[in-house]
2 protein chains.
Amino acid sequence: MPTRSRREPLSRDRLLAAAVKIADTEGVAAVTMRHVSAALGVEAMSLYHHLPGKEALLDGLVDTVVMEVVEQISIVEESGGTLGWQATLRRRFLTARTVMLRHPWAPVLIGTRTSIPPSAYAIYEALLATMVEGGFSYELAHRALHSFGSMPLGFVQELFNPAPGDDDMAEEELAAMAEMLPHLTAMVASEIHTNDGDTLGWCDSQNEFEFTLDLLLDGFARRLGP
Amino acid sequence: MPTRSRREPLSRDRLLAAAVKIADTEGVAAVTMRHVSAALGVEAMSLYHHLPGKEALLDGLVDTVVMEVVEQISIVEESGGTLGWQATLRRRFLTARTVMLRHPWAPVLIGTRTSIPPSAYAIYEALLATMVEGGFSYELAHRALHSFGSMPLGFVQELFNPAPGDDDMAEEELAAMAEMLPHLTAMVASEIHTNDGDTLGWCDSQNEFEFTLDLLLDGFARRLGP
DNA sequence: ACCTGAACACCGTTCAAGT
DNA sequence: ACCTGAACACCGTTCAAGT
């Protein structure tokens, strides 16, 4: 039986698919040139014939995920009918979010990129088209893009991402904290919500995402006038 | 003349101060155990007597910057008088921003942390106190903290951080882009604003920050009722 | 208690060589 | 054109040894 590398020559797409798989299963830190190449049954230096280097690999990882967002939005919009600008934006951001939930490493990696993935332009173009059609000036639409932040890609940036169960504390520590941080402890006590697993980080649940999204959408609707 | 390491023994604070200085001048990628230790005239392994490892060093870097935010806010609030909840939040976020502008590497590094810096609790506690005093329920205050995102630390998360001058394009590329992305090119054409240097990334100017901030503050004021 | 220096197991990347 | 294997310059971290 011939080896896999014999029948299937390496390609940028095969390479990135392997890298995404590694990131999904072992975490993004496991995405090294040597590890990815080993998973493909090839030498590390072979990757350089399809990508200029490590940074390009990470850029490609982000681009792959953003392309997945673009595709998912296409599917939803083709089958879902036409809506007003507000509902269209809302649906897009929530659709993007379903993709990010499949790749929880993506938000952090996206934050570290210094170049814009080509696929992201398509998303911004579509958002602008929807807003301009809905009566936005370019100036207001531009500001909206900034205000939405990372929502067009389906996530809100969490400040910190504590590992679950990382917040174990001794009794005395808790008592000291309750004294120094009374409002924080009161809030946590009054708001213990079960982490149901469908999150991208601490408290980033569906409800938080939708709350902020609607707050922003309402704000722009109001600025557009009645 | 005795060497500096002889008269000044190493300490966690001296170590972190050196690391911050390196990050400010050479970028956060230059913050390696070996490089930091060399700057202190000491062996790499000496750092392990004051920090458990590299991750703790980066955590300490973030904590140092957040402490700087806390101090700056104290200074401003002591000399600035008491305001309502809305103006207090606004002043704090804008104050925090002045600190982040001094450490442009901090936002990205903060995004990669998996533990919350101790100094951040003080910020959240103070924000909660202000909001509860202003009539917020703990539930609404909690949602507000999430909606503000990274603003309490003085920045809005930029999706991507293109290096300035990284967007050089050939004539033909520009023409092709104008055809494929008509709204995006129209927006850029109608909105060329000079990058005046006081930014934390692409388009993240003072105006964008304040616009989003006020949009959110208005939204919460409205949800609080008249 | 604090610091050293050699060593180990990893990186990304170069280079010259193979086919 | 594509892939290899050795080598280089860096990492973070271990360990045993110094003072």
Side-chain angles (χ1 to χ4, degrees), chain A residues 1-23 25-63 105 108-109 112-115 163, chain B residues 1-23 25-63 105 108-109 112-115 163:
Chain A
M1 217 219 274
T3 69
R4 198 216 222 161
S5 56
R6 213 175 239 295
R7 52 171 69 175
E8 281 187 83
L10 208 49
S11 72
R12 202 186 108 101
D13 283 349
R14 275 217 320 134
L15 195 164
L16 288 176
V20 169
K21 194 170 177 180
I22 288 173
T25 57
E26 302 175 58
V28 75
V31 178
T32 68
M33 301 297 273
R34 289 170 136 100
H35 193 146
V36 171
S37 62
L40 289 161
V42 106
E43 292 294 314
M45 286 316 298
S46 302
L47 305 188
Y48 285 79
H49 290 276
H50 304 94
L51 282 172
K54 175 73 181 292
E55 281 302 297
L57 199 168
L58 297 179
D59 286 344
L61 226 47
V62 166
D63 199 35
W105 45 270
V108 170
L109 187 63
T112 66
R113 293 303 86 200
T114 61
S115 67
Chain B
M1 216 218 274
T3 68
R4 198 219 221 158
S5 58
R6 212 176 240 292
R7 50 171 71 173
E8 281 188 84
L10 209 48
S11 72
R12 202 186 107 102
D13 283 348
R14 272 213 328 130
L15 196 162
L16 288 176
V20 168
K21 194 170 177 180
I22 288 173
T25 56
E26 304 175 58
V28 76
V31 178
T32 67
M33 302 296 275
R34 288 169 136 100
H35 193 145
V36 170
S37 61
L40 289 161
V42 105
E43 291 294 313
M45 286 316 298
S46 302
L47 306 188
Y48 285 80
H49 291 277
H50 305 95
L51 282 173
K54 175 73 182 290
E55 281 302 298
L57 199 168
L58 297 180
D59 286 345
L61 225 47
V62 167
D63 200 35
W105 45 270
V108 170
L109 187 63
T112 67
R113 294 302 86 200
T114 61
S115 68

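Per chain, numbering begins at 1; letters A, B, ... match sequence-line order.
The CG atom of Leu40(A) sits 13 Å away from the C1' atom of dC3(D) (whole-angstrom rounding). Put simply, CZ on Arg14(A) is 14 Å from P on dC2(D), counting in whole angstrom units. Glu43(B) places its CD atom 18 Å from the C1' atom of dA1(C), with the value rounded to the nearest Å. Atom NE2 in His49(A) sits roughly 8 Å away from atom P in dC2(D) (whole-Å rounding).
Annotation: side-chain hydrogen bond (donor to acceptor under 3.5 Å, both in side chains) contacts involving residues 27-49 of chain B, sequence neighbours excluded, comprise Glu26(B)-His35(B).
Between His50(B) and dA1(C), a side-chain N or O to OP1/OP2 separation shorter than 4.0 Å is absent.
Residues meeting the side chain to side chain contact (heavy atoms under 4.5 Å, CB included) test with Asp59(B), sequence neighbours left out: Arg113(B), Ser115(B). Take Ala38(B) and apply the side chain to side chain contact (heavy atoms under 4.5 Å, CB included) test, not counting sequence neighbours, and it matches no residue. In this structure Val20(B) satisfies the side chain to side chain contact (heavy atoms under 4.5 Å, CB included) test together with Asp24(B), Leu61(B), Thr64(B), His103(B), Trp105(B), sequence neighbours excluded.
Stem analysis of DNA chain D (Watson-Crick or G-U pairs, both distances under 3.5 Å, runs of at least three) returns C:4-8 with D:12-16, C:12-16 with D:4-8.
Atom OG1 in Thr112(A) sits 7.0 Å away from atom CG in Leu58(A) (nearest 0.5 Å).
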Steps toward side chain to side chain contact (heavy atoms under 4.5 Å, CB included) verdict (Val108(B), Val28(B)): CA-CA 10 Å; Val108(B) 170; Val28(B) 76; over 6 Å; no

Start with the C-alpha gap between Leu15(A) and Arg12(A), add the side-chain angles, then the distance that decides, and say whether side chain to side chain contact (heavy atoms under 4.5 Å, CB included) holds. CA-CA 5 Å; Leu15(A) 195 164; Arg12(A) 202 186 108 101; 5.5 Å; no

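The shortest heavy-atom contact between Ala19(A) and Leu57(A) is CB-CD2, 3.8 Å.
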List the protein contact pattern of nucleotides 11-19 of chain C with one symbol per nucleotide (5' to 3'): B for base contact, S for sugar-phosphate-only contact, - for none; contact means a heavy-atom distance under 4.0 Å. BBBBB----

